Amino acid sequence: MPAELRPYQEEARQAIETEWASGRKKTLLVLPTGTGKTVVFSKVTEDMVRNGDRVLIMAHRGELLDQAADKLEKITGLTSAIEKADETCIGKWNRVTVGSVQSLQRPQRLEKFPGDYFSTIIVDEAHHCITDGYRRILDHFPDAKVLGVTATPDRGDQRRLGEVFDSLAYEYSIVQAIRQGYLCKIMAQTIPLQLDMTSLKTQAGDYTLGSIDTALDPYLEQIAAEMEKCCRDRKTVVFLPLIKTSQKFRDILNRHGFRAAEVNGTSEDREQILQDFENGKYNILCNSMLLTEGWDCPSVDCIVVLRPTKVRSLYCQMVGRGTRLSPGKENLLLLDFLWLSERHELCRPADIICKNKEVSEKMTSNLEAAGCPEDIEEAEKKASEDVLKDREEKLAAQLESMKKRKRSLVDPLQFEMSIQSEDLVNYEPTIGWQMAPASEKQLKALEKYGIFPDEIENAGKADLLLDRLAKRRLEGLSTPKQIRFLESRGFQHVGIWSFTSANNMIARISANSWRIPAGVIPAAYVPQEA
């Protein structure tokens, strides 16, 4: 029976196909773990097959390929050919192929395919696709429409996915999923156990597993004792750096009275252990990074990350093993330890939800001070309010200085603060074209609107500003030049006034020989909008 898409899944499906139709061939879909990204790309695949396309679904692990093929058939009825190891899709009648990146990237294999063989390519776990192997495959099919699907659109080595993708078609946040009841609430608790990680070595943008293992080992007994206090009655997954550490910690936990098991890539009885854990024989499952992708056990209600990382995508994958809904499950408890490092680069619970670095740092500080489980949504809201208050105080002097400049155009920051637009103030580019310098056409358009363009750092910010300015004009709100004039006279947040109210006040000032009319106190004045 065809799957009925949730509202956000249908929105995502339509947004992807709109991007392709408008000429943006390489687009990105961001959905949190547990919200059905495979369902979405299965329906997109079905649409493309009906359109006559031959579709390639790529992944970097065999389990992910098998899952994609199984779910595709269940949702759409479409069966898939295989392109990995000794199997090939060439000569098969299937319109869909699931392919291993490791196999496809080999030149001798890739050369067997004409450049137009696949019309649509879907990349599962797209945060991996910045690597040379993925790029080689995508370059071989230059005219194909490409969809990258990921839970986290960034990488630890700071090479952004914008190098590969032209646009972000749709993003559904973990906060939206929790609020709308599709994922469970996350409670984060910082454990007051300080783990010294200052000696860790790095490679390819993250900490090496060997150095983590050495640094973590002396703390395992203390961590087990802390877990006794916090998650004795919870179903817990623990992520550790190496197999030997995972096995050692399993034994320690069992000595502390837990029912702990351990799985790794070489475990012959892996499937049985996972089944026993799901059925309740064990209440803790230790693993050395095996379960970050492609494994689901919705009843997991506690995650312990003992594999410190600088890579947000990896951190979110670990936490995502516990965010699914399950009967009787009230929330997910995420235990966070005080990792001591030379630089504040380690991913913490705040990084799951915060897009702004200042807010993330403030939320981390607040969680450390709390000492008890905190709802991450409420914690992020509180941290945002704290940061906004601090920022407004710091910006006050800067804004006063801007208002006094002998300049007819408005500084972008003054405009953003005046219209109370947090998304403009905090904007950071994510896709390739957004990072490029603003175009001459954009800068001229901004100047025409009354914005001083020299401080616009990138095309993405310019595009967002122009879009906002156009909407404000249609809505009859105050213009940048009105904001500049009235705020230089001491009026506050003129950006939220209507065009008519701003125009009337300017007319009154003009008629009064360019002096403030009697009885008007600019700092306290609020227009009576019609």
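For clarity, every value in this text was computed on a predicted model and none was experimentally measured.
For Q9 (side chain) and R6 (main-chain N/O), a donor-acceptor pair under 3.5 Å exists by modelled atom type. Remark: the backbone N or O of I303 is not paired with any side-chain donor or acceptor of T236 at under 3.5 angstrom. S513 places no side-chain N or O within 3.5 Å of a backbone atom of R515 that could act as its donor or acceptor partner. Side-chain atoms of R234 come within 3.5 Å of backbone N or O of D301 as a donor-acceptor pair. Here the side chain of K37 pairs no donor or acceptor atom with the backbone of P32 at under 3.5 angstrom. When atom types are taken as modelled, the side chain of Y134 and the backbone of A126 share no donor-acceptor pair closer than 3.5 angstrom. Side chain of D351 to backbone of R348: a donor-acceptor contact under 3.5 angstrom is found. For W20 (side chain) and K25 (main-chain N/O), a donor-acceptor pair under 3.5 Å exists by modelled atom type. Judged by distance alone, with hydrogens and angles left aside, the side-chain atoms of Q492 form no donor-acceptor pair with the main-chain N or O of Y525 at under 3.5 Å. Using modelled atom types, no side-chain atom of R473 and backbone atom of L469 make a donor-acceptor pair closer than 3.5 Å.
Between L325 and C184 the shortest heavy-atom distance is CD2-N, 3.4 Å.
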(request) Verify side chain to side chain contact (heavy atoms under 4.5 Å, CB included) between L335 and C231, making sure each step is shown before the conclusion. (result) CA-CA 9 Å; L335 295 188; C231 57; 4.2 Å; yes
(request) With side chain to side chain donor-acceptor pair (under 3.5 Å) as the test, would you mind laying out the steps for R324 and T33 before giving the verdict? (result) CA-CA 8 Å; R324 284 176 167 80; T33 300; over 6 Å; no
(message) Using the rule given for side chain to side chain donor-acceptor pair (under 3.5 Å), can you reason through T190 versus E368, listing the C-alpha separation, both sets of side-chain angles and the distance that settles it, and then say yes or no?
(response) CA-CA 5 Å; T190 301; E368 289 176 6; 5.7 Å; no
(request) Test side chain to side chain donor-acceptor pair (under 3.5 Å) on E125 and T150 and set out the steps. (result) CA-CA 5 Å; E125 306 295 351; T150 182; 5.1 Å; no
(request) For side chain to side chain donor-acceptor pair (under 3.5 Å), just list the numbers for Q180 and Y172, CA-CA rounded to whole Å, side-chain angles, deciding distance to a tenth of an Å, and then say yes or no. (result) CA-CA 11 Å; Q180 294 175 11; Y172 186 64; 2.8 Å; yes
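Rounding to the nearest 0.5 Å places CE of M318 at 10.0 Å from CG of L334. For the atom pair CD1 (I16) and CG (D47), the distance works out to 9.5 Å, reported to the nearest 0.5 Å. To the nearest 0.5 Å, atom OG of residue S173 and atom CG of residue L31 are 10.5 Å apart.
In this structure, a donor-acceptor pair under 3.5 Å is absent between the side chains of Q176 and Y8. The closest side-chain donor-acceptor pair between T18 and Q14, if any, does not fall under 3.5 angstrom. Using a 3.5 Å distance cut-off with no hydrogens or angles, the side chains of T45 and S42 do not pair a donor with an acceptor. Side chains of E374 and Q189: a donor-acceptor N/O pair is absent below 3.5 angstrom, by distance only. Side-chain N/O atoms of E416 and S421 include no donor and acceptor closer than 3.5 Å. Under 3.5 Å, the side chains of S478 and R472 contain a donor-acceptor pair of N or O atoms.
A centroid separation of 6.0 Å or more is found between the aromatic rings of F452 and F415.
Taking 4.5 Å as the limit, some side-chain heavy atom of L465 sits within range of a side-chain heavy atom of I456. In this structure the side chain of L486 reaches within 4.5 angstrom of the side chain of I506, judged on heavy atoms. Here the side chains of Q442 and D463 are in contact, with some heavy-atom distance below 4.5 Å. The shortest distance between side-chain heavy atoms of I75 and V39 falls below 4.5 Å. Using a 4.5 Å heavy-atom cutoff, the side chains of P453 and L409 are in contact. Between F239 and V304 there is no side-chain heavy-atom pair separated by less than 4.5 Å. M48 is listed as a side-chain neighbour of E17, based on a closest heavy-atom distance under 4.5 Å. V40 has its side chain out of reach of L5: every pair of non-hydrogen atoms, C-beta onward, lies at least 4.5 Å apart.
Surrounding NZ of K381 are at most 12 heavy atoms belonging to other residues, nucleotides or ligands under 6.0 Å away. Crowding of E10 atom CD: a count of heavy atoms from other residues, nucleotides or ligands under 6.0 Å exceeding 12.
With S418 as the fixed residue, the side-chain hydrogen bond (donor to acceptor under 3.5 Å, both in side chains) test singles out one of Q482, E487, R484: E487.
Salt bridge K382/E378: absent, no basic N to carboxylate O contact under 4.0 Å. A salt bridge is absent between R136 and D132: the closest approach of a Lys/Arg side-chain nitrogen to an acidic carboxylate oxygen does not fall below 4.0 angstrom. A salt bridge does not link K145 with E19: every distance from a Lys NZ or Arg NE/NH1/NH2 to an Asp or Glu carboxylate oxygen is 4.0 Å or more.
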